[in-house]
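These notes concern the structure reproduced below.
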Amino acid sequence: MKDILHKSEIKEVLDILKKLYPNPKSELNYSNPFELLIATILAAQCTDKRVNMITKDLFKKYKKPEDYLELSEEELGKKIKSCGFYRNKSKNILKTCKILVEKYGGKVPNSREELMKLPGVGRKTANVVISNAFNQDAIAVDTHVFRVSNRIGLANSNDVFDTEKDLMNNIPKKDWSDAHHWLIFHGRRVCKARRPKCEECPLTKYCLYYKNQIK
DNA sequence: AACTCGGGGCA
DNA sequence: TGCCCAGAGTT
């Protein structure tokens, strides 16, 4: 028996989140699959605003995978330094670009399986790319989406894959993209990993985590 | 399952 | 100063 809210409660929760975060558009709104891929790799453990600062400059000169092959790890590392973990990210991006050129003709593959073979691309990044750039059914589960959705009862699993399935079952498809951002915003501002601000949260009426806490 | 990578924003 | 951050790879 899964500890998940009823359909009617889920609808109310989503309505509350919608009002709470009326403008859920991410800073990472790249239409180009390649730029979306690079921006999402950079976004690991880093806010979208900072990634946007980096890519705004980076993408002026480096638009295609081929463009990156002339860069050394040190050179690219310097350009992306402010987003953190820059040595790993630089190395992975250069390897990924090399693979994109040599194996995929400079294009970004459109399947999760192929994307996850690329260095620096895990399930979350792959899901971001296929859902946003290739219009496929997927919900990218990052730490915020995972924590918040499992706390309030939109999902019930300690596994990312099952959380994805729960969310896709419980949220209407038209809301997937927005709900992804609602959960992230709420996770950052209110439903934080440590010291969640339940006293400010309009979802406590429904929240299973809150109900378990107060007794 | 635990560890590593990390500069920068903010209290 | 210390805490925290739109993950992924390695051991």
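In what follows, every chain begins at residue 1, and chains take the letters A, B, ... in the order their sequences are listed.
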Give the C-alpha distance, both sets of side-chain angles, the deciding distance and a yes or no for salt bridge (Lys or Arg N to Asp or Glu O under 4.0 Å) between A:Lys78 and A:Glu75. CA-CA 5 Å; A:Lys78 205 171 290 181; A:Glu75 287 169 333; over 6 Å; no
List for me each residue that meets salt bridge (Lys or Arg N to Asp or Glu O under 4.0 Å) alongside A:Lys173, sequence neighbours excluded, and say none if there are none. A:Asp137
Nucleotides bounding contact with chain A, strand DNA chain B, heavy-atom threshold 4.0 Å: B:dC5 to B:dG9
Can you list everything that forms a salt bridge (Lys or Arg N to Asp or Glu O under 4.0 Å) with A:Glu66? Sequence neighbours excluded, please. none
Between B:dG6 and C:dT10, how far is it from one P atom to the other, in whole Å? 14 Å
Is A:Glu164 paired with A:Arg123 through a side-chain N to carboxylate O contact shorter than 4.0 Å? yes
Expressed in whole Å, how much space separates the P atoms belonging to B:dC10 and C:dA6? 13 Å
Quick tally for nucleotides 1-11 of chain C: nucleotides whose base has a protein heavy atom under 4.0 Å get B, sugar-phosphate-only ones S, the rest -, giving ---SBBBSS--
Side-chain donor-acceptor contacts of residues 12-25 of chain A below 3.5 Å, not counting sequence neighbours, with atom names and distances?
| unit_1 | atom_1 | unit_2 | atom_2 | d |
| --- | --- | --- | --- | --- |
| A:Glu12 | OE1 | A:Tyr206 | OH | 2.4 |
| A:Asp15 | OD2 | A:Lys11 | NZ | 3.3 |
| A:Tyr21 | OH | A:His186 | ND1 | 2.8 |

Does the cation-pi check pass for A:Arg188 over A:Phe185, that is, NZ or CZ under 6.0 Å from the six-membered ring centre and within 45° of its axis? no
According to salt bridge (Lys or Arg N to Asp or Glu O under 4.0 Å), who are the partners of A:Arg151, at least two apart in sequence or on a separate chain? none
Worked verdict on A:Tyr30 versus A:Asn52 for side chain to side chain donor-acceptor pair (under 3.5 Å): CA-CA 10 Å; A:Tyr30 304 96; A:Asn52 216 30; 3.0 Å; yes
Measuring only the C1' atom in each nucleotide, how far is B:dT4 from C:dC5? A whole number of Å is fine. 16 Å
